[in-house]
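Values below: every heavy atom of this structure, side chains too, minus hydrogens, waters and symmetry copies. Order of the sequence lines fixes the chain letters, A, B, ..., with proteins taken first and strands second; residue numbering starts at 1 for each chain.
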Amino acid sequence: MSKPATMRRMPLIAHVDVNCFYASAERSFDPSLEGKPVVVLSNNDGCAVTRSPEAKALGIPLGEPWFKLAPRAKEWGLVALSSNYELYGDISARVMELLGRYSAWLEVYSIDEAFLGVKGTPDELLALGRTMKTAVRRNVGVPVCVGIAATKTLAKLANKWAKNNPAFDGVCHWDSVAPADRESLMGRLSVIEIWGVATRLTKRLNVLGIHSILDLSRADPVMIRDRFSVVMMRTVLELQGTPCIPMEEERIGRDQLIFSRSFATSITTAAGMRQVLSVYGQQASARLAKHGLQAKVLTAFAGTSHFNPKDTSYPSVCVPLPMPTADPVLLTRAAHTLLPHISEGVRYARAGIMVTDLRPTGNQAPLALFENPHEERRVGTLLDDVTRRYGRGSIGLGHAGIRGGPDWTMKRDMLSPRYTTHWDELPLVKAA
DNA sequence: TGGGGTCCT
DNA sequence: AGGACCC
């Protein structure tokens, strides 16, 4: 199991993640939030995606719609904030940069999580975990926990344990815990707590009498592979201490890019849809150019609300592009082929485009957004058009479109300042 | 009452 | 293409 790995000083995996990241990021710049129940809302201020410990203590479930929370917010002293991705992205970069100093082998797994390859005696590993935790808290201002184990799956489990059991003080080295205690934990926890197992798989496992993590760790990997998949088999092996999920290189370029939003107010006209698709075409172009990529295929889609199960409609078109491109005009034109499938009067609650079959831009400069002056002119017109109609800030690349704007822009009524990335929104510090 | 992704079958 | 998962 994991013991030989430790004895042979095989590299282990440290999993580091920020406790309730969005809420912690907000707090690190607004100390008045300390000790208060805080929730951060999803796009469109739809539902609570992050809760501070105080908000959890109020019994607010993850994913609770804001419209249900709002009436009681005052009574609870609940603070709700719109997602401020610029702030979180910046805090994330600082955390990752700092972690990179403790291991050359860093995999940034998500905005608030990283895996690190680490080596050392159990004492050294525990010390390393504590050092990282303290450093991130002091230098970036957000709390993290650390789990260290032979595999990614166990490292994540150890991290979760560290978060839930104060005795660990935020750092759990799996192999340093008494086997009886580990078994007791795994016996108490449902398989749904494991990385890679969610509701569907949990149901199927339960049918086989596999309920706890301990049950799963004792299952026969081959049986699991036959009845489920190689993915689930890897999970079983990882629980047994055999690394099956490798550290990954930094991924350059995505397989696909999606631009999609639900609307604050539904779109009911082809003209409205045309504008939305134009914006997506723009955004896709900018992102492709930024990554030095071109797309061969574009899919455009729209859909009615699934909370309104009558008169549903989900039109979509898939457009092979004549040649790989990141050109805003060509992408927008392709996206507009959805328009004939749009029926006037139908209430579309969302729309989007997806570009796939991506490949690196050839010998053209990756950042040459507008190749020929003719097209540049037309793009300018497109931007001007929307801006004239809906006002400045309604459209644009990057973050230009988030304030105000037409009905279909994102609703972010409770946005905190972009403290770290915009000069006019820097926090003020008064020296006494 | 989110929006982006990936991998496997 | 669709179904599962992740954050």
Side-chain angles (χ1 to χ4, degrees), chain A residues 15-23 25 39-50 61-70 80 82-85 88-89 92 96 107-115 152-153 156 159-160 191-205 224-235 238 244-246 248-266 280 283-284 287 291 297 299 301 303-309 314 316 318 347 349-356 358 402 408-413:
Chain A
H15 176 252
V16 183
D17 81 3
V18 183
N19 307 348
C20 49
F21 177 53
Y22 293 176
V39 293
V40 178
L41 303 175
S42 61
N43 282 340
N44 259 327
D45 293 342
C47 62
V49 289
T50 312
L62 187 60
E64 184 77 341
W66 169 237
F67 75 83
K68 285 191 187 168
L69 255 24
S82 305
S83 296
N84 186 343
Y85 292 109
Y88 311 148
S92 174
M96 299 308 169
E107 177 188 338
V108 177
Y109 178 69
S110 75
I111 193 167
D112 71 331
E113 282 174 80
F115 293 105
K152 285 184 169 181
T153 303
K156 284 202 78 137
N159 192 316
K160 182 175 292 200
V191 288
I192 205 169
E193 305 290 333
I194 303 175
W195 187 36
V197 180
T199 53
R200 307 292 167 76
L201 289 172
T202 296
K203 284 199 185 104
R204 287 173 58 196
L205 285 165
I224 291 292
R225 186 196 58 198
D226 292 344
R227 302 190 105 125
F228 293 87
S229 68
V230 294
V231 181
M232 181 70 94
M233 182 186 74
R234 286 201 275 259
T235 297
E238 287 239 324
C244 299
I245 306 175
E248 281 178 23
E249 308 294 325
E250 189 183 354
R251 183 181 281 275
I252 34 158
R254 299 266 169 286
D255 296 342
Q256 55 179 233
L257 296 172
I258 299 176
F259 301 83
S260 162
R261 284 285 178 286
S262 23
F263 310 129
T265 331
S266 13
Y280 294 142
Q283 293 178 337
R287 279 270 285 285
H291 296 303
V297 176
T299 305
F301 53 90
T304 51
S305 165
H306 37 262
F307 299 99
N308 212 342
Y314 301 92
S316 77
C318 183
R347 301 168 54 81
R350 61 180 302 117
I353 70 174
M354 172 168 60
V355 285
T356 49
L358 308 184
I402 58 173
W408 46 266
T409 53
M410 219 198 306
K411 196 170 152 204
R412 299 212 296 187
D413 289 342

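- Residue R350(A) is in sugar-phosphate contact alone, with no base atom involved, counting any heavy-atom pair closer than 4.0 Å across all strands shown.
- Nearest nucleotide to the F307(A) side chain, out of dC8(B), dT1(B), dC7(C): dT1(B).
- Closest heavy-atom contact between S316(A) and F301(A): CB-CB, 3.8 Å.
- Among the atoms of the strands shown, only primed sugar atoms or phosphate atoms (P, OP1, OP2) are found under 4.0 Å from some heavy atom of T199(A).
- Side-chain polar atoms of R347(A) and S266(A) form a donor-acceptor pair below 3.5 angstrom.
- Among the heavy atoms of the strands, none lies under 4.0 Å from R225(A).
- Using a 4.0 Å heavy-atom distance criterion, F67(A) is classed as a base contact.
- Residue E113(A) has its side chain nearest to dC7(C) when only dG4(B), dC8(B), dC7(C) are considered.
- Of the side-chain N and O atoms in R251(A), one or more sit less than 4.0 angstrom from OP1 or OP2 of dC7(B).
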field: CA sep, side-chain torsions, deciding dist, call: E113(A), S110(A), side-chain hydrogen bond (donor to acceptor under 3.5 Å, both in side chains)
entry: CA-CA 5 Å; E113(A) 282 174 80; S110(A) 75; 3.2 Å; yes
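- If you check the side chains of R350(A) and S260(A), you find a donor sitting under 3.5 Å from an acceptor.
- Between the side chain of D112(A) and the main chain of F21(A), no donor-acceptor pair closer than 3.5 Å is present.
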Protein and nucleotides 1-3 of chain C: nitrogen or oxygen contacts under 3.5 angstrom:
none

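- Across the protein-nucleic acid pair, I111(A) atom CD1 and dG5(B) atom P stand 13 Å apart, rounded to whole Å.
- Atom CG of D255(A) and atom P of dT6(B) are 4 Å apart (whole Å).
- Atom CZ in R254(A) sits about 9 Å away from atom C1' in dG4(B), given to the nearest Å.
- Residue contacts shown for L201(A) are limited to sugar-phosphate atoms, with no base heavy atom under 4.0 Å away.
- At least one side-chain nitrogen or oxygen of R261(A) sits closer than 4.0 Å to the OP1 or OP2 atom of dG4(B).
- As rounded to whole Å, 16 Å separates atom P of dG4(B) from atom OH of Y88(A).
- Nucleic acid contact for W195(A): sugar-phosphate only, since backbone atoms but no base atoms lie under 4.0 Å from a heavy atom of the residue.
- Protein atom CG of L62(A) is 11 Å distant from nucleotide atom C1' of dG2(B), rounded to whole Å.
- Set against dC8(B), dG2(B), dG4(B), the side chain of R287(A) has dG4(B) as its closest nucleotide.
- Among the atoms of the strands shown, none is found under 4.0 Å from any heavy atom of K203(A).
- Residue V49(A) is classed as having no contact, given no heavy-atom separation below 4.0 Å to the nucleic acid.
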